[in-house]
Amino acid sequence: MTTVADGLYQYGGMPVTGGVPPFVSTNSKTFFVDPVNGSDGNSGASPKTALASLYRAHYLMTSGNNDVCYLIGNGAASGSCRLSLANAIAAQGPTETAATTGMLTLSKNACHLIGIAAPGQWARARIATPTGTYTEATFNSLTFMTVSGSGCYFSNISLYQSFSTGADGEICLAITGDYNVFNNV
């Protein structure tokens, strides 16, 4: 086996995501999130050391470096990456500001999110609220996810805002950043 610049050797094979442009540069890092088998205490640098949450992956990414996060789906609803205030708090390191909402804010420029799952409307590289009773009040935000970074690429993910009770003004995805690309989302 040969080590090549795209990390083929170190990851035991790069994820094949059909048509996804490579973002690897000298400064970029790759992170893996596996909601079922990962842990936010891991480095996230390989599928074997995957993180559990997108909150933690976003914290570790560096704005402007073309870092990539691969969200590993398992083909079932049980593999969904769950957003919640409790999960946001649990994903924080000791030096981070305390989370006050479950909203996932992707604020870093040129940081990319790619789902590893079969493509399609019901792809299970999915971001959702926890199962059971979950409301805007317990999430502590009307907005589920915000993309405020610019120059980001999102591919092959599904968003499922499934609050148990609705409220006027609920927003699944707010985009305030510029020059972002959404492919099969």
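Note that the structure is predicted; figures quoted are calculated from it, not measured. Quick note: residue numbers are just sequence positions, from 1.
For the residue pair G64 and A110, the shortest heavy atom distance occurs at CA-CB, 4.0 Å. When all heavy atoms of A57 and V33 are compared, the closest pair comes out as CB-CG2, 3.6 Å. Closest non-hydrogen pair, G79 versus P35, comes out as O-CG, 3.4 Å. In terms of heavy atoms, N156 sits closest to A125 at O-CB, 3.6 Å. Looking at every heavy atom in both residues, L142 comes nearest to Q161 through O-NE2, 4.0 Å. Residues L51 and S43 approach most closely at CD2-C, 4.2 Å, considering heavy atoms.
Under the rule for a ring-ring contact (aromatic ring centres under 6.0 Å, His included), Y55 has no partner lying at least two apart in sequence or in another chain. Residues forming a ring-ring contact (aromatic ring centres under 6.0 Å, His included) with F182 (at least two apart in sequence, or on another chain): F154.
Annotation: side chain to side chain donor-acceptor pair (under 3.5 Å) contacts involving residues 86-104, sequence neighbours excluded, comprise R56-E96, S84-N87. Sorted by first and then second residue, the salt bridge (Lys or Arg N to Asp or Glu O under 4.0 Å) pairs involving residues 75-92 (not counting sequence neighbours) form an empty list. Residues in residues 140-149 take part in no side chain to side chain donor-acceptor pair (under 3.5 Å) pair, two or more places apart or across chains. Residue pairs meeting the salt bridge (Lys or Arg N to Asp or Glu O under 4.0 Å) criterion with at least one member in residues 107-117: none, sequence neighbours excluded.
Rounded to the nearest 0.5 angstrom, N42 CG and F32 CZ are separated by 13.0 Å. Of the inter-residue distances, the one linking I157 atom CD1 with L159 atom CG reads 5.0 Å to the nearest 0.5 angstrom. To the nearest 0.5 Å, atom SG of residue C111 and atom CG of residue N180 are 11.0 Å apart. The distance from the CE atom of M103 to the CG atom of L85 is 11.5 Å, given to the nearest 0.5 Å. Once rounded to the nearest 0.5 Å, the distance linking CG of L71 with OG of S80 reads 9.0 Å. Interatomic distance, C172 SG to F144 CZ, rounded to the nearest 0.5 Å: 6.0 Å.
A donor-acceptor pair under 3.5 Å is absent between the side-chain atoms of S158 and the main chain of R126, judged by distance alone. Although no hydrogens or angles enter the test, the distance criterion places a donor-acceptor pair under 3.5 Å between the side chain of D67 and the main chain of K29. The main-chain N or O of G151 is never found under 3.5 Å from a side-chain atom of N109 such that the two would form a donor-acceptor pair. In this structure a side-chain-to-backbone donor-acceptor pair under 3.5 Å is present from S39 to G41. Formation of a donor-acceptor pair under 3.5 Å by the D34 side chain with backbone atoms of V36 is found in this model.
Using cut-offs of 30° and 60° on the angle between ring planes, the pair Y153 and H112 is perpendicular.
L113 places a side-chain heavy atom less than 4.5 Å from the side chain of L54. For the pair V147/L173, a side-chain contact is recorded, criterion being any heavy-atom separation below 4.5 Å from C-beta on. Using a 4.5 Å cut-off on side-chain heavy atoms (C-beta onward), F139 and L83 make contact.
Taking hydrophobic clusters as Ile, Leu, Val, Met, Phe, Trp and Tyr residues chained together by side-chain heavy-atom distances below 4.5 Å, I171 does not share a cluster with I175.
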